[in-house]
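What you see is a predicted model, and the numbers here were worked out from it, not measured in a lab.
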Amino acid sequence: MNKVLVTGGAGFVGSHVADAFLAAGSAVTVLDNLTTGKRENVPIQAELVEDSIGSQTAAALVRERQFDVIVHCAAQMDVRKSVDDPILDATSNLIGTLNLLEAARAASKRTRIVFTSTGGALYGDFTTPPNEEDFAKEPESPYAVSKLAGEYYLAYYARVQGLDTVALRLGNVYGPRQDPHGEAGVVAIFCGRIVAGEPLTIVGSGEQTRDYIYVGDVVRAIQVAATHHLPPAGRLDSRAFNVGTGEGTSVNELARLLQAAAGSKLPLDHVAARPGEQMASVLSVEKAASGLGWKAEVPLPIGLALTFQWFAERAERSPGARMTG
């Protein structure tokens with residue numbers, strides 16, 4: 001039985017990862033400080049260690065347990081919070097990641113480390129999408145800067161220290177259990193507003209595009225990356241793979257698709273654009289297809305329908321929930 005550590009396993013993506021590895025027969029340990037993660041997201045069969053990734057006790061856990069796989073999902077992922085407090089962002093996303101890498105280096109077992117990076121924010125607006133892995137990186141937020149720095153450390157530890165690392169640059173992940181914060185939070189926000197019968201707020205023109213990918217597809221990519229033969233460790237992009245659909249969807253179209261899934265016709269409320277917001281983000285996914293044998297399978301309308309169904313069912317279980325529109 002493989003031993004798997006999922007950092008941030010009480011969060012949105014991490015909890016789905018824990019579910020999947022348990023279903024595959026692995027022994028799963030979840031490391032989460034529950035700052036944003038939820039205890040109820042952690043599978044019953046998983047062991048929950050309530051701790052921060054930057055702590056000495058977390059480092060000892062990695063050194064002593066001798067995990068076969070570490071899936072590193074824990075992060076400060078709110079882009080706006082990273083702008084307001086870049087030191088907090090770097091402390092979590094960079095120092096915490098370094099703590100885990102140093103612990104893995106000190107462990108006697110060679111562990112596969114799967115790092116969940118960002119494809120939605122890494123490349124910036126100085127490229128012409130779809131963005132390929134070797135395109136120039138010009139992150140527009142401290143969050144994206146910290147993720148890119150984490151990738152540089154992963155590449156160093158693989159190339160120089162012999163760690164077995166791989167980075168997955170995720171598109172805008174959405175699905176059940178999604179938090180309204182982070183890169184793809186608009187899906188969760190829209191679902192919540194539709195459930196409450198409130199207008200959908202669209203920032204700017206709504207023509208900005210993102211590569212929205214269903215969480216189930218992301219989990220499959222993580223499982224493949226945890227076991228697949230990887231290319232030799234080399235430069236930054238050698239062991240990095242975009243994980244997306246290869247298709248961009250505007251916020252206006254996203255609102256239309258979600259309303260169609262919900263059977264609602266709520267008004268759209270446009271507000272002023274935010275300075276510096278990325279206008280176009282679409283990922284090239286050819287490398288993941290050829291190098292990992294992975295591609296997205298869930299079409300956006302189906303994924304959005306599944307996501308809205310989860311939000312609607314959760315609202316119905318909550319006191320005072322209402323469905324209008």
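A side-chain donor-acceptor contact under 3.5 Å links S108 and Q66. Remark: the H72 side chain and the T116 side chain contain no N/O donor-acceptor pair separated by less than 3.5 Å. In summary, the side chains of N33 and E50 do not present any donor paired with an acceptor at a separation below 3.5 Å, with no hydrogens or angles considered. In summary, the side chains of R177 and S15 do present a donor paired with an acceptor at a separation below 3.5 Å, with no hydrogens or angles considered.
Closest non-hydrogen pair, G14 versus V6, comes out as O-CG1, 3.6 Å. Closest of all the heavy-atom pairs between P176 and L306 is CG-O, 4.4 Å. In terms of heavy atoms, A155 sits closest to L236 at CB-CA, 4.1 Å. Considering all non-hydrogen atoms of both residues, E297 and R220 come closest at CG-NH2, 3.2 Å. The two residues G175 and F311 make their nearest non-hydrogen contact at O-CE1, 4.3 Å. The two residues W294 and V243 come nearest to each other via the heavy atoms CH2-CG1, 3.5 Å.
Using a 4.5 Å cut-off between side-chain heavy atoms of Ile, Leu, Val, Met, Phe, Trp and Tyr, with links allowed through other members, L170 and V282 fall into different hydrophobic clusters. L88 and L34 fall into different hydrophobic clusters, where Ile, Leu, Val, Met, Phe, Trp and Tyr are joined by side-chain heavy atoms under 4.5 Å apart, directly or via other members. The cluster map of Ile, Leu, Val, Met, Phe, Trp and Tyr, joined by side-chain heavy atoms under 4.5 Å apart, puts V166 and Y156 in different clusters. A continuous path of hydrophobic side-chain contacts links V218 to L22 [ILVMFWY only; heavy atoms under 4.5 Å]. Grouping the Ile, Leu, Val, Met, Phe, Trp and Tyr side chains by contacts below 4.5 angstrom, directly or via other members, places F67 apart from V28.
Atom OG of S146 sits about 8.0 Å away from atom CD of Q76, to the nearest 0.5 Å. In this structure, CG on L200 lies 10.5 Å from CG on N252, to the nearest 0.5 angstrom. Between the CG atom of D125 and the OG atom of S281 there is a distance of 8.5 Å, given to the nearest 0.5 Å. Within the model, atoms CD1 of I70 and CD1 of I113 stand 5.0 Å from one another, a figure rounded to the nearest 0.5 Å. Rounded to the nearest 0.5 angstrom, T29 OG1 and L61 CG are separated by 6.5 Å. Atom CG of L5 is separated from atom CG of D68 by 11.5 Å, given to the nearest 0.5 angstrom.
One finds a salt bridge joining R65 and E47 here, because a Lys/Arg side-chain nitrogen approaches an Asp/Glu carboxylate oxygen to under 4.0 Å. Electrostatic pairing of K81 and D84 does not count as a salt bridge here, judged by no charged N lying under 4.0 Å from a carboxylate O. Ion pairing between a basic and an acidic side chain is recognised when a charged N comes within 4.0 Å of a carboxylate O; K137 and E151 show no such pairing. Salt bridge absent: D237 and K287 never bring a charged side-chain N and a carboxylate O closer than 4.0 Å. Under the 4.0 Å criterion applied to side-chain N and carboxylate O atoms, D32 and K38 are not assigned as salt-bridge partners.
Using a distance-only test at 3.5 Å, with no hydrogens or angles considered, no donor-acceptor pair links the side chain of S26 to the main chain of K3. Looking at R112, its side chain does come within 3.5 Å of a backbone N or O of A225 through a donor-acceptor pair. Using modelled atom types, no side-chain atom of T127 and backbone atom of P129 make a donor-acceptor pair closer than 3.5 Å. Counting only distance, with no hydrogens or angles, the side chain of R239 and the backbone of T165 share a donor-acceptor pair below 3.5 Å. The closest donor-acceptor contact from the side chain of Q208 to the backbone of S250 lies at 3.5 Å or more, if one exists at all. Using modelled atom types, no side-chain atom of R159 and backbone atom of L154 make a donor-acceptor pair closer than 3.5 Å. Here the side chain of T97 pairs a donor or acceptor atom with the backbone of N93 at under 3.5 angstrom.
Classification of the Y153-Y157 ring pair by plane angle, with boundaries at 30° and 60°, yields tilted.
For the side-chain contact (heavy atoms from CB on, under 4.5 Å) criterion with V30, the lone passing option out of N41, V49, L48, V4 is L48.
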Could you give me the CA-CA distance, side-chain angles and deciding distance for R169 and Y123, then say whether side chain to side chain donor-acceptor pair (under 3.5 Å) is met? CA-CA 10 Å; R169 296 172 182 165; Y123 301 101; 3.1 Å; yes
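Annotation: cation-pi pair K147/F115 present, NZ/CZ under 6.0 Å from the ring centroid and within 45° of its normal.
Annotation: side chain of L292 is in contact with side chain of L230 (closest heavy-atom distance under 4.5 Å).
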